[in-house]
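In this chain, numbering begins with 1 at the start of the sequence shown. Counting starts at 1 for both ligands and their atoms, in listed order.
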Amino acid sequence: MREKLRIYGSARLEGEVAVSGGKNAAVAIIPAALLADSPSTIENVPDIDDVRVLLDMLRWLGAHVEFRENTVWIDPRTVDKFNPPYELAGRMRASYYLTPVLLGLFHRAEVPLPGGCDIGARPIDQTVKGMETLGASVETLGGVMVAKSDRMQGDDIFLDMPSVGATVNSMLTAVSAPGMTCIHNAAREPHIVDLANFLSSMGASVKGAGTDIIRIRGGRHLHGTDYTIVPDQIETGTLMIAAAAAGDDVIITGAIPTHMESLSAKLLEMGVHVSSEDDWIRVRSNRVYRAVNVKTQGYPGFPTDLQQPLSALLTVANGTSLVTETIFESRFRFLDELRKMGAKVRVIESSSAMITGVSHLVGARVNATDLRAGAAMIIAGLMAEGVTEIGGISYILRGYEHIDEKLTQLGAHIEHVRKEEAF
Ligand code: EPU
């Protein structure tokens, strides 16, 4: 039987909830720890399936790894392989962050092409361009990315678009390439800045992360470090939207409010009260919303990863909202699931959706079609009248740490059904 989440709708959320460490920061930082000549201790690592699979891959490569209470200890000195197996690498997107790391260590890497959420075409041409610019040869043989290089050298990399993955891979290549690398049109997401801070704490010279030009002087000796991962921007946003959808007064702690400005602005526009200080965000809602238009963009624009959760909330806003998805073309599939709950949505030309608010959603059996779609279904379930059962929750467990427990702590009524039930 499939695991599922069962949500009894209409409970009111109230109180405090803490944000976990960033998934997309952790999956970039953990491979980078292999570049050091001594162990690293990384704190605030989210205990999610993506992290566990990545750590298994490090163990397979020969590293000593321990993971306890959100702290990872990695000793890379025994790494002696450059070819992680498909069974592990194919299970997540970020496995290809190992390619530049293994290339730096062994001048050769053989990493199966990445998996991850099926949210549209996820090409890797910009990653390949970045590595080739710095002197590597990269080809795909039988579904495996094979990278080789005898001599790496810093250079200018011009990305065609500010891709998160290509920026991470270019940074991880550049730290091992002697000389200066400038990554132009770099992604500016908080997890890029976090990776840069981690690399700097290992002894690398990285400047400009968070702007669109990152400069790295490569070839330095890197040592192990103690580091704490940044709070998860997307989990913070998901909790903010859940609070707006089903909350009276919720405080989200351990967050970075400046990372959330594009979402806070949208929620305020919808009539939700958002305030913040230092490391917490307070969301107060009377559960009456104005429709708004949203267009996804790279940071500091509105994140594609929050498009689906916000769309769920817009299904009950007064009026019609236009949601435009510019990053991933298949991030509207989940709208079919929302329709089962009574939402009125229409997709126009595959990249835009019109959402006309209804008075309420009704609980139904639905599926998480990808990670953030799963978050959207949880939010819909919290708002709906009656019971919602969400299948496909392995997607959700890949990326959200204890999301059901966190919402339950706020007053939601959620059951994680793990066993076959008799009817
Ligand atoms: N693109 C290319 N060529 C490339 C790389 C990207 O054309 O070589 C295009 C993509 O098709 C897409 C756009 O550039 O249209 C942006 O893709 P990006 O490379 O930024 O995405 P990603 O690195 O594959 C990361 C996150 C995603 C998040 C996106 C956008 C990780 C592990 N994944 O993916 O996170 O949606 O950036 O911010 O960091 C999630 O957490 O649910 C998730 C999917």
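Atom numbering of ligand 1 starts at 1 in the shown order; those under 4.0 Å from a heavy atom of Thr304 are 30 (C), 36 (O). Per-residue contacts place Ile124 under 4.0 angstrom from the following atoms of ligand 1 (heavy atoms of the residue considered): 8 (O). Applying the 4.0 Å criterion to heavy atoms of Gly165 picks out, from ligand 1, the atoms 19 (O), 23 (O). Numbered from 1 in the order shown, with element, the atoms of ligand 1 that lie under 4.0 Å from a heavy atom of Arg372 read 40 (C), 41 (O), 42 (O). Residue-ligand proximity, Arg93 to ligand 1, at heavy-atom distances under 4.0 Å covers atoms 24 (O).
For the pair Pro162 and ligand 1, the shortest N or O to N or O distance does not fall below 3.5 Å. Distances between N or O atoms of Lys23 and those of ligand 1 include at least one value under 3.5 Å. At a 3.5 angstrom cut-off on N or O pairs, Val164 counts as close to ligand 1. Below 3.5 Å of separation, one finds an N or O of Pro123 facing an N or O of ligand 1. The distance criterion of under 3.5 Å between nitrogen or oxygen atoms is not met by Leu371 with respect to ligand 1.
Within a 6.0 Å sphere centred on CZ of Arg346, heavy atoms belonging to other residues, nucleotides or ligands number 12 at most. Within a 6.0 Å radius of OH in Tyr86, other residues, nucleotides and ligands contribute 12 heavy atoms or fewer.
Comparing heavy-atom distances from atom 36 (O) of ligand 1 across Asp305, Asp370, Asp50, Thr167 singles out Asp305 as nearest. Around atom 1 (N) of ligand 1, the closest heavy atom drawn from Met161, Gln126, Lys129 belongs to Met161.
A salt bridge between Arg339 and Asp336 is present, with a side-chain N of the basic residue lying under 4.0 Å from a carboxylate O of the acidic one.
Of the possible polar contacts, none joining the Thr296 side chain to the Thr304 backbone as a donor-acceptor pair under 3.5 Å is found. For the pair Gln233 (side chain) and Pro190 (backbone), a donor-acceptor distance under 3.5 Å is absent. Not one N or O on the side chain of Glu389 forms a donor-acceptor pair closer than 3.5 Å with the backbone of Arg365.
The aromatic rings of Phe158 and His184 lie parallel to each other, with less than 30° between the two planes, well short of the 60° mark.
Residues that satisfy the salt bridge (charged side-chain N to carboxylate O under 4.0 Å, His left out) test with Asp37, not counting sequence neighbours, are absent from this structure.
Side chains of Asp232 and Tyr400: no donor on one and acceptor on the other come within 3.5 Å.
Each of Arg398, Arg52, Lys23 was evaluated against Asp47; a single residue qualifies, Arg52, per the salt bridge (Lys or Arg N to Asp or Glu O under 4.0 Å) test.
At least one heavy atom of Asp125 sits closer than 4.0 Å to an atom of ligand 1. At least one heavy atom of Arg331 sits closer than 4.0 Å to an atom of ligand 1.
Within the 4.0 Å heavy-atom criterion, both parts of Ile327, backbone and side chain, lie near ligand 1.
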